[in-house]
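Step one of this worksheet: look at the structure below.
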Amino acid sequence: MIQSDLDLFGPQPQRLASHTVLLPGFALAETEPLLDALRPVLRAAPFRHMHTPGGLRMAVGLTNCGTLGWVSDEQGYRYSPNDPLSGKPWPALPPVLLALAARAAALAGFEGFVPDACLVNHYLPGTRLSLHQDRDERDFGQPIVSVSLGLPAVFLFGGLQRADKPRRIPLSHGDVLVWGGEDRLRFHGVLPIKPGVHPRMGERRINLTLRKAGP
DNA sequence: AAGTGGCA
DNA sequence: AAGC
């Protein structure tokens, strides 16, 4: 045989840590419905650059959909039901995205995941996201589901202390990463995006991060 | 050249 | 400090 017979079944889930699973290409068959669903979201709530509580501009453009959206300003990090740009509620979480997240979470061992927030991050070549924890959600028992679209990225997946040496996880268009349980508060980030052009997405990466933020 | 540490 |  030329390669492993396993290749006939497509890329297999990879367990990166006890409660962390990479599902290579899991969203590939649904990228078009996802992008169709994203278009009206971005019309209603365009990407914008938020600022850290210290007043520094974040390199990623971001927006949200769902009943809650992650925001950052001089007041700090928090979830808000309204888009500070429009004053209106964030656009609804598209059902196709909710369903995808629930299936991915279940595959990773998190049954009954019903996200109420999706942070949408926009990366141009050179954009990075420094090491941080997702800790603004109410229930750390709920996992995080991350969907990668467009240009590839190197995801940094660290430990519970900032100084823990992060692993480098290559992420491609259509990959889905799920982490929760004892991995829920691991520091993570994204290295600067390498210049390039994705055949479908152009010179950008979009990351959809689904969470259960509220009660 | 990363990886850390330290910082409002 | 999800930045420098």
Taking only side-chain nitrogens and oxygens of A:Arg162, does any of them come within less than 4.0 Å of OP1 or OP2 of C:dA2?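 It does, given that an N or O in the side chain of A:Arg162 lies less than 4.0 Å from OP1 or OP2 of C:dA2.
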Strictly below 4.0 Å: does A:Arg168 bring a side-chain N or O up to OP1 or OP2 of B:dG3?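 Affirmative; the distance criterion is met.
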Distance check needed: [N] [atom2] versus [X] [atom1], whole Å only.
{"X": "A:Phe155", "N": "C:dA2", "atom1": "CZ", "atom2": "P", "value": "14 Å"}
{"X": "A:Ile144", "N": "C:dA2", "atom1": "CD1", "atom2": "P", "value": "15 Å"}
{"X": "A:Asp136", "N": "C:dA1", "atom1": "CG", "atom2": "C1'", "value": "13 Å"}
{"X": "A:Tyr123", "N": "C:dG3", "atom1": "OH", "atom2": "P", "value": "9 Å"}
{"X": "A:Leu156", "N": "B:dA1", "atom1": "CG", "atom2": "P", "value": "18 Å"}
{"X": "A:Gln161", "N": "C:dA1", "atom1": "CD", "atom2": "P", "value": "17 Å"}
{"X": "A:Leu191", "N": "B:dG3", "atom1": "CG", "atom2": "C1'", "value": "11 Å"}

Residue A:Lys165, side-chain atoms from C-beta onward, closest of B:dT4, C:dA2, C:dA1: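 Nearest to the side chain of A:Lys165 among the choices is B:dT4.
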Closest to side chain of A:Ala163, choosing from C:dG3, C:dA1, B:dT4: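 Closest of the options to the side chain of A:Ala163: B:dT4.
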Nucleotide forming a Watson-Crick or wobble pair with B:dC7, both distances under 3.5 Å: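 Here B:dC7 is engaged in a pair, and the nucleotide opposite it is C:dG3.
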Applying the side chain to side chain contact (heavy atoms under 4.5 Å, CB included) test to A:Trp70, which of A:Asp134, A:Asn64, A:Val120 qualifies?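 Checked A:Asp134, A:Asn64, A:Val120 against A:Trp70; only one passes side chain to side chain contact (heavy atoms under 4.5 Å, CB included): A:Asn64.
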Mind running side-chain contact (heavy atoms from CB on, under 4.5 Å) on A:Glu137 and A:Arg184 for me, showing each step along the way? CA-CA 11 Å; A:Glu137 302 74 25; A:Arg184 178 61 176 70; 2.8 Å; yes
Using the benzene-type ring in the case of Trp, are the ring centres of A:Tyr79 and A:Trp90 under 6.0 Å apart?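 No; A:Trp90 has its ring centre 6.0 Å or more from that of A:Tyr79.
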Do A:His122 and A:Phe47 have ring centroids that are under 6.0 Å from one another?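 Yes - the distance between ring centres of A:Phe47 and A:His122 falls below the 6.0 Å cut-off.
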